[in-house]
Amino acid sequence: MAYSNPSPSSRFIITKNSQLNAKNMKRRSTEDNSSFAKKQKIAQQRKSLPIASVEKRILEEVKMNDTLIIVGETGSGKTTQLPQFLFNGGFCRDGRVIGITQPRRVAAVTVAKRVAEECDVELGQKVGYSVRFDDMTSSSTRIKYMTDGLLLREALLDPFLSRYSVIIVDEAHERTVHTDVLLGLLKNVQKARSISTCKESILEGRKKANNSAALKKEINAQCHILLKPCQGSKLSPLKLIIMSASLDARGFSEYFGGAKAVHIQGRQHPVDIFYTHHVEQDYIDAALITILQIHLEEGSGDMLVFLTGQDDIESLQRLIQERVRQLPEGSQKLLIVPIFSSLPSEIQMKVFKPAPHGFRKVILATNIAETSITIPGIKYVIDPGLVKTRSYDPCTRMESLKIVPTSKAQALQRSGRAGREGAGKCFRLYQESEFAKLADSATPEIKRLNLSNVILQLKALGVDDITEFDLMEKLSMRAIEKSLEELILLGALTADKKLSNPVGHQMARFPLEPIYSKALIVASEFNCLEEMLITVAMLLVDSMFYAPREKWEEARDKWKCFSHVEGDHLTLVNVYRASAESLEKSRLAGSKEKTAETILRKWCKENFINYSSLRHARDIHSQIQGHVEQMGLRISSCGDDMLQFRRCLTASFFLKVALKQPDGSYRTFDSSQVVQIHPTSVFFRTKKPECVVFNELIRTERNYIRDITRIDPAWIPELAPQYCSTQS
DNA sequence: GAGCACTGC
């Protein structure tokens with residue numbers, strides 16, 4: 001395949017970074033046990049970071065500006081260093097805390113560990129992290145890394161985030177729902193806290209004012225906040241720092257009323273970008289040819305290929321293996337390593353293993369390698385320019401997975417993966433003219449989601465009118481209306497769109513989508529909360545069943561043992577209970593030396609269950625059980641009375657019902673979509689029930705419903721009268 | 001008859 005050299009203007013990856021202080025780059029040296037040498041090494045590394053030279057200036061800017069935008073390129077050191085600068089600059093006086101949010105758990109955890117090491121303190125003391133299921137903080141924590149979703153949860157308990165003197169929102173350019181909602185909230189909190197500090201002085205100055213109610217009104221109008229006024233507590237102003245990669249700094253600045261933006265250089269090796277001369281019809285084939293071309297013509301170094309999904313990865317893997325046999329005798333061999341999220345983690349780990357001598361590693365990856373996983377040793381990136389994304393149609397309540405072109409930001413992120421350890425090359429399987437046509441950044445997640453959860457959370461935070469809430473992205477009225485309607489049908493909101501009591505408040509407290517919270521609350525009335533806790537935990541986890549292709553038959557026999565005649569929900573309950581039983585048995589047998597982990601791992605292996613998925617479900621289960629207990633809901637089991645459980649599913653999942661059509665397909669009751677039963681369902685091969693509830697409605701090649709249980713259609717008007725009255 | 005990208009509370 002022929003590649004054109006790009007025009008200089010498009011080589012912007014190279015421009016700023018090419019002559020960077022590559023000679024200053026510190027390579028991880030061999031193990032060093034002397035703690036003094038270690039400290040010295042850390043100090044040296046810190047000093048060599050681009051951000052180190054601007055410490056004073058940044059501190060000044062933070063002191064002078066309430067909100068600061070920091071544009072930091074990869075490798076600038078902003079995430080690890082800035083909080084330390086602020087700590088040393090006195091921002092943690094009086095026990096106040098610096099909070100740094102990350103979109104992902106691993107990032108929060110690993111960065112906190114690194115910073116604790118740099119500060120030479122025990123993790124969880126001065127420096128700590130807090131993510132779901134894992135809190136490493138204490139009362140002495142002053143620099144706290146966390147996920148953005150967790151800070152949102154904290155805001156429900158402490159609406160003014162009063163412990164924090166500074167909040168740093170890192171990776172804001174990723175625009176996750178959590179980040180977007182958090183930014184809106186922080187804007188309000190900041191306003192409220194600055195008003196709170198001057199409130200007293202206003203009151204003082206207007207002591208003579210005759211109408212205190214009018215004054216209160218005035219203050220609240222000034223706040224333009226949607227938070228309830230704080231009760232006499234004195235709060236210090238809140239500093240906000242928004243950190244982003246370069247493309248959209250202006251958007252953040254405008255959103256924060258023209259906030260000042262500071263640029264910090266990165267430290268990345270140069271990456272040469274190549275485009276194709278012609279349009280490639282078949283990107284799998286184009287990728288195959290490019291891989292072979294690189295292998296035969298370019299120097300050593302591993303390759304990373306970005307593909308859209310498991311299917312692409314597996315078919316390209318087969319194609320490469322066929323072609324590799326035809327390679328000339330004695331040439332270097334190729335080691336193909338696939339990676340995508342539904343692979344069990346022990347298989348995912350293979351990407352980190354260096355290729356054996358005489359092999360060149362080719363990693364076939366989904367988006368997981370774009371941000372979530374950083375693979376060392378990559379010198380060549382192949383980017384077809386496509387990505388599979390999820391979107392949501394509020395009218396049909398259907399999700400879809402579509403393959404769309406990447407954004408410019410994503411293309412940059414991907415090519416950057418080739419320049420982490422040395423100069424690299426990126427081959428984009430499209431023409432340079434196409435790159436110019438790409439959107440700057442991907443559609444923010446909040447535009448592609450069911451808004452019910454966001455709206456419920458905001459209501460719980462005191463935001464009554466969603467359309468008044470200042471988000472970076474304007475939400476569609478249609479999407480808002482549909483979600484409000486859903487929340488009313490679920491009983492979270494009253495007819496006049498106020499949070500209902502107690503159901504709405506309870507639902508908002510669960511870290512779950514509203515429909516699952518509803519199911520738990522209803523289940524306590526139907527005496528099947530024990531089963532529903534398990535069901536919800538299991539439904540929230542992906543890819544519970546996993547088997548390599550060659551063991552497919554064996555696995556299916558194992559899975560058959562779990563299947564339940566009434567459907568997938570109870571099948572999942574069976575899996576959960578079987579695993580718990582095996583754990584219990586081992587304990588009774590007195591195998592004390594074995595940990596729960598080793599017992600469960602063994603059980604999972606024998607039954608072709610994904611251990612990390614089961615582990616995740618167990619974590620969710622214990623967390624939501626805690627919430628349920630706190631709320632005083634009664635946890636009881638329906639025993640063998642599965643009728644009760646299925647009726648309970650109907651009472652909560654009535655928006656997700658499908659009826660069988662004469663031709664054997666199904667039609668959703670809510671929006672009359674023609675849908676098929678997903679191949680993973682227990683009903684895929686058996687006799688099809690007349691009427692089902694489902695967990696998920698998703699469009700891929702076809703419209704599919706997933707996780708299905710048989711119900712009686714006559715139950716719907718009985719158990720969801722509020723819904724049926726709106727259907728006529 | 002055939003299959004879901006990635007996060008997060």
Side-chain angles (χ1 to χ4, degrees), chain A residues 101-108 130-135 146-157 171 174-182 306-315 339-343 365-373 386-391 399-404 406 410 413 442 444-446 448-449 453-454 456-457 460 508-514 516-517 536-537 540-547 549 552 556 616 619-620 623-624 626-627 664-665 676-681 683-686 688 695-702 704-707:
Chain A
T101 72
Q102 298 288 329
R104 275 173 296 280
R105 294 162 51 94
V106 261
S130 188
V131 298
R132 190 184 192 183
F133 311 131
D134 191 4
D135 183 11
M146 64 196 131
T147 45
D148 41 19
L150 198 106
L151 185 61
L152 270 179
R153 284 277 144 192
E154 253 186 61
L156 284 174
L157 303 172
E171 313 284 2
E174 287 194 26
R175 302 293 304 277
T176 67
V177 201
H178 287 154
T179 305
D180 273 18
V181 175
L182 187 61
F306 284 100
L307 296 159
T308 58
Q310 183 175 352
D311 263 7
D312 280 1
I313 289 175
E314 286 172 353
S315 53
I339 184 165
F340 43 90
S341 77
S342 62
L343 272 183
T366 59
N367 255 9
I368 196 171
E370 206 175 280
T371 47
S372 312
I373 288 181
L386 297 169
V387 62
K388 198 182 272 186
T389 54
R390 193 176 198 128
S391 59
E399 294 189 309
S400 49
L401 285 166
K402 287 181 207 147
I403 294 173
V404 297
T406 60
Q410 276 175 302
Q413 176 69 29
E445 201 185 6
I446 203 163
R448 301 182 279 117
L449 274 187
N453 202 19
V454 169
L456 184 63
Q457 294 305 313
R509 274 174 63 191
F510 282 109
L512 300 170
E513 289 292 321
Y516 301 115
S517 313
V536 169
L540 292 179
V541 175
D542 301 323
S543 45
M544 189 59 73
F545 301 95
Y546 175 82
R549 208 162 277 261
W552 197 239
R556 217 156 40 198
H616 190 198
D619 282 339
I620 295 175
Q623 189 192 32
I624 55 182
H627 278 93
S665 72
Q676 313 277 334
I677 287 181
H678 196 273
T680 52
S681 172
F683 292 127
F684 185 67
R685 287 157 192 280
T686 62
K688 309 271 179 287
N695 180 49
E696 197 176 27
L697 171 59
I698 193 156
R699 180 187 190 88
T700 51
E701 294 291 304
R702 292 168 163 188
Y704 284 110
I705 49 175
R706 287 188 60 163
D707 295 319

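By convention in this document, chain letters (A, B, ...) are assigned in the order of the sequence lines, proteins followed by strands, and residues within each chain are numbered from 1. Basis for what follows: all heavy atoms, side chains included, without hydrogens, waters or symmetry-related copies.
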Fill in: Distance in angstrom units between Glu314(A) CD and dC4(B) P, rounded
12 Å
Item to complete: Find the distance Glu154(A):CD to dG8(B):C1' and express it as a whole number of Å.
Response: 15 Å
Worksheet item: In whole angstroms, how far is the P atom of dG8(B) from the CG atom of Asn453(A)?
Response: 16 Å
Item to complete: Could you tell me whether Arg104(A) and Glu174(A) have a side-chain N and a carboxylate O separated by less than 4.0 Å?
Response: yes
Worksheet, complete the sentence: Whole-Å distance, Leu697(A) CG to dC4(B) P, equals 13 Å
Fill in: Side-chain N,O (Thr147(A)) to OP1/OP2 (dG8(B)) below 4.0 Å
no
Fill in: Any Arg105(A) side-chain nitrogen or oxygen under 4.0 Å from OP1 or OP2 of dC9(B)
yes
Practice prompt. Side chain of Arg390(A) only, please: which of dG3(B), dC6(B), dA2(B) is the nearest?
Written response: dC6(B)
Discussion item. I want to confirm an ordering. Mapping Ser372(A) and Leu512(A) to their closest nucleotides on DNA chain B, which one lands closer to the 5' end?
Written reply: Ser372(A)
Worksheet entry | Asp619(A), Ile620(A), Thr147(A) screened by side chain to side chain contact (heavy atoms under 4.5 Å, CB included) with Arg132(A), the one that passes | Ile620(A)
Worksheet item: What is the distance from CZ of Arg706(A) to P of dG3(B), rounded to the nearest Å?
Response: 12 Å
Fill in: Side-chain H-bond candidate by donor/acceptor type, His678(A) with Thr680(A), under 3.5 Å
yes
Worksheet item: Quick one: Glu370(A) CD to dT7(B) C1', roughly how many Å, whole number?
Response: 12 Å
Item to complete: Calculate the interatomic distance between Glu701(A) atom CD and dA5(B) atom P; express it in whole Å.
Response: 11 Å
Worksheet item: NA contact type, Val131(A), heavy-atom cut-off 4.0 Å: base, sugar-phosphate, or nothing?
Response: sugar-phosphate
Practice prompt. Determine whether any donor atom in the side chain of Arg104(A) lies under 3.5 Å from an acceptor atom in the base of dC6(B), or the reverse, and answer yes or no.
Written response: no
Item to complete: Measure from CG on Leu449(A) to C1' on dC6(B) and round the result to the nearest Å.
Response: 12 Å
Practice prompt. Indicate, with a heavy-atom threshold strictly under 4.0 Å, whether Arg132(A) touches base, sugar-phosphate, or nothing.
Written response: base
Discussion item. Using 30° and 60° as the class boundaries, would you call the ring planes of Phe133(A) and His616(A) parallel, tilted or perpendicular?
Written reply: perpendicular
Discussion item. Is it the case that dA2(B) (base atoms only) and Arg685(A) (side chain only) share a donor and an acceptor within less than 3.5 Å, ignoring hydrogens and angles?
Written reply: yes
Discussion item. To the closest 0.5 Å, what do you measure between OG1 (Thr686(A)) and CZ (Phe684(A))?
Written reply: 10.5 Å
Item to complete: Check every strand shown and say whether Leu150(A) touches a base, only sugar-phosphate, or nothing at a heavy-atom separation below 4.0 Å.
Response: sugar-phosphate
Discussion item. Would you say Tyr704(A) places a side-chain N or O within less than 4.0 Å of OP1 or OP2 belonging to dG3(B)?
Written reply: yes
Response to the item:
Heavy atoms of Leu401(A) and Ile698(A) approach each other most closely as CD1-CD1, 3.7 Å
Discussion item. For dC9(B) and His178(A) - does any side-chain N or O of the residue sit under 4.0 Å from the phosphate oxygens OP1/OP2?
Written reply: no
Worksheet item: For the side chain of Arg153(A), counting heavy atoms from C-beta on, which of dC9(B), dC4(B), dA5(B) is nearest?
Response: dC9(B)
Fill in: First of Pro511(A) and Phe340(A) reached from the 5' end of DNA chain B, by closest nucleotide
Phe340(A)
Item to complete: Using a heavy-atom cut-off of under 4.0 Å over every strand shown, decide if Gln457(A) touches base, sugar-phosphate, or nothing.
Response: nothing
Item to complete: Just call it for Ile698(A): base, sugar-phosphate, or nothing, with non-hydrogen atoms closer than 4.0 Å on any strand.
Response: base
Worksheet item: Within less than 4.0 Å of OP1 or OP2 of dC6(B), is there a side-chain N or O belonging to Thr366(A)?
Response: yes
